[in-house]
Amino acid sequence: MAQQMYHGRSSRRPWRTFAGTVSVAIMFAAAGVWIYTYLAAWEAAGQPAQTFPRTLVLLHELGGKTLVGALFAVLSLGLLGIGARQLRENRITARGQHDTRL
């Protein structure tokens with residue numbers, strides 16, 4: 001494996017970067033749950049006049065509250081996958097060997 005161009009403190013502490021990625025993924029998941037429950041309560045209340053962002057309105061019209069919640073779930077799972085891959089790559093770089101264990 002070729003020597004990487006950039007080496008810094010994060011390459012010696014791969015768990016710190018992974019923890020940051022996991023915390024952002026948890027925030028996305030929490031936001032998805034919150035938006036899902038908010039939209040469910042809004043629908044159950046007879047849909048009084050509310051102002052929502054256009055993207056949220058478009059997603060809600062296309063697939064309902066389930067699509068909105070699923071979007072945030074997919075984003076959080078994607079972030080977890082990216083974080084796991086970066087952790088594995090940083091551990092390989094930090095150790096200078098081909099360690100594929102996570």
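These numbers come from the heavy atoms of this one structure, side chains and all, not from hydrogens, waters or symmetry mates.
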Indicate every side-chain donor-acceptor pair of residues 20-27 with a distance under 3.5 Å to a residue at least two apart or in another chain.
residue : atom : partner : partner atom : Å
Thr21   : OG1  : Thr17   : O            : 3.1
Ser23   : OG   : Ala19   : O            : 3.3
Ser23   : OG   : Gly20   : O            : 2.7

Seminar exercise, completed: Leu56 meets the side-chain contact (heavy atoms from CB on, under 4.5 Å) criterion, sequence neighbours left out, with Ile35, Leu39, Phe52, Pro53, Val68
For this session: Measure the CH2-NE2 distance between Trp42 and His60 for me, rounded to the nearest 0.5 Å.
Result: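 Result: 5.5 Å between the selected atoms.
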For this session: Mind checking the CG-CZ spacing from Leu59 to Arg54? Nearest 0.5 Å is all I need.
Result: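 One gets 14.5 Å once the value is rounded to the nearest 0.5 Å.
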Pair listing, salt bridge (charged side-chain N to carboxylate O under 4.0 Å, His left out) test, anchored in [range], at least two apart:
range	answer
residues 25-35	none
residues 72-83	none
residues 55-74	Glu43-Lys65

Exercise. With the 4.5 Å side-chain cut-off for hydrophobic clustering, are Val57 and Leu67 part of the same group?
Worked result: yes
For this session: Please check if the distance between the ring centroids of Tyr38 and Trp34 is under 6.0 Å.
Result: yes
Listed pairs under 3.5 Å, donor-acceptor, residues 70-81 side chains, sequence neighbours left out:
residue : atom : partner : partner atom : Å
Ser76   : OG   : Phe72   : O            : 3.3
Ser76   : OG   : Ala73   : O            : 2.9

